[in-house]
Amino acid sequence: MKKIISFLVALIFVSSLSINQVMAAEDSLTKIKEKGEILVGTSPDFPPREFYIINDKGEKEIVGSDMALAQAIADELGVEMKLVTTDFNGVIANIQSGAVDMGIAGFSFTEGRAAVMDFSDGYSQETGDNGGYQGILVTKETAEKFKTLDELKAANLTIGAQGGSIQYEMAIKITSPTNVKQYGTMDAEVLALNAGDIQGMVVATSSAEPLLKSFDNLVILPKDGFDLDPENIYAQNVIGFPKNMDNTALLEVVNKVIKEAIDSGQMAKWEDEAKALSVKAIEE
């Protein structure tokens with residue numbers, strides 16, 4: 001009797017092991033295609049990458065160059081794209097936990113993020129080539145007080161930055177860490193600056209420029225002297241994927257879509273359209 005029980009236990013163990021091996025062998029691409037959908041995490045407060053508009057139907061819609069790229073990836077996979085919206089920190093948490101299949105939110109590569117997620121090839125840049133850089137948004141009154149970055153650092157201003165972002169990492173280098181205030185969204189951050197709760201905010205300038213249409217008392221400090229990433233360490237935008245999955249096949253498809261979009265000029269077209277749309281949305 002004991003031999004029979006031992007045999008059954010062993011059989012159950014082997015069967016369980018075989019099932020787990022099959023599940024482990026099923027990569028993220030296969031799982032996405034089986035579901036018929038790809039869950040995409042994003043933080044829609046970062047124009048022109050991802051932001052809200054009111055469409056022609058009077059409905060709230062998330063658009064932007066990142067959204068166009070994500071949709072192109074979903075189309076290539078032959079699945080439906082479903083968005084999971086949170087603040088920026090929430091996107092990172094959802095990628096890390098596997099709650100989404102991929103996250104696209106103007107990510108830049110950092111060693112810390114690479115420890116908890118996989119990345120696609122770079123698809124967009126915040127560099128001098130397109131006029132963008134990592135800079136500082138302040139009131140016009142504050143801008144008149146500083147001619148150099150060293151002068152601004154010496155003033156130890158209260159600086160705002162989005163939590164979990166590379167802008168936060170830059171903010172703690174230009175003022176005391178205790179003087180950095182973290183915000184969940186860029187919208188909340190700019191309202192705080194406009195209200196005088198903070199004296200400046202670190203921004204990707206291409207995302208901050210549309211805000212100047214609505215806040216005419218704000219200005220971006222000039223690139224010459226106030227570029228916080230002169231070596232373009234954080235220039236490339238990438239897409240993040242849960243690290244505990246087999247993403248090899250999925251990344252091949254994603255990187256193919258990225259390359260084709262760049263080579264064909266479609267990526268630049270998406271970005272130009274998104275910039276125009278973000279300015280229009282703010283003006284309305």
Side chains of Ile198 and Ile159 in contact at under 4.5 Å (non-hydrogen atoms): no
Partner set under salt bridge (charged side-chain N to carboxylate O under 4.0 Å, His left out) for Lys269, not counting sequence neighbours: none
N/O donor-acceptor pair under 3.5 Å between Asn94 side chain and Val84 backbone: no
same_hphob_cluster(Val100, Val116) at 4.5 Å side-chain heavy-atom cutoff: yes
Sub-4.5 Å side-chain heavy-atom contact between Tyr123 and Lys259: no
Gln167 versus Gln134, side-chain donor and acceptor atoms under 3.5 Å: yes
Validation row: Val91, Thr85 side chains within 4.5 angstrom (heavy atoms): no
salt_bridge(Glu144, Lys140) N-O dist < 4.0 Å: no
Lys82 vs Val40 side-chain heavy atoms within contact, under 4.5 Å: no
Cluster check Ile104, Phe241: I/L/V/M/F/W/Y, side chain < 4.5 angstrom: yes
More than 12 heavy atoms from other groups under 6.0 Å of NZ on Lys35: yes
Glu59 atom CD, neighbour heavy-atom count above 12 within 6.0 Å: yes
Thr30 side chain reached by Asp246 side chain, heavy atoms, under 4.5 Å: no
Heavy-atom neighbours of Glu231 CD exceed 12 at 6.0 Å: no
Joint hydrophobic cluster, Leu191 plus Leu137, side-chain heavy atoms closer than 4.5 Å: yes
Criterion side-chain contact (heavy atoms from CB on, under 4.5 Å) on Glu50 and Ser65, from CA distance to verdict: CA-CA 7 Å; Glu50 45 271 324; Ser65 55; over 6 Å; no
Chi angles and distances behind the side-chain contact (heavy atoms from CB on, under 4.5 Å) call for Leu149, Ile174: CA-CA 8 Å; Leu149 184 58; Ile174 63 173; 4.3 Å; yes
Intermediate values then yes/no, side-chain contact (heavy atoms from CB on, under 4.5 Å), Met67 and Leu83: CA-CA 9 Å; Met67 296 297 95; Leu83 296 179; 3.8 Å; yes
Check against ring pair (Phe, Tyr, Trp, His ring centres under 6.0 Å), Phe88 and Phe107: CA-CA 9 Å; Phe88 188 80; Phe107 282 121; 5.3 Å; yes
Within 6.0 Å of CG in Asp263, more than 12 heavy atoms from elsewhere: yes
Pairing residues for Phe146 by the ring pair (Phe, Tyr, Trp, His ring centres under 6.0 Å) criterion, not counting sequence neighbours: none
Leu157 reachable from Val202 in the ILVMFWY side-chain graph, under 4.5 Å edges: yes
Joint cluster assignment, Tyr183 & Phe46, ILVMFWY side-chain distance < 4.5 Å: yes
Asp66: partners by salt bridge (charged side-chain N to carboxylate O under 4.0 Å, His left out), with sequence neighbours left out: none
Pair Tyr234 + Tyr133: ring centers closer than 6.0 Å: no
Under-4.0 Å salt bridge between Asp101 and Lys31: no
Close side-chain approach of Asp272 and Met267, heavy atoms under 4.5 Å: no
Note, Val257 side chain near Leu69 side chain (heavy atom, < 4.5 Å): yes
Min side-chain heavy-atom separation Lys60-Ile54 under 4.5 Å: yes
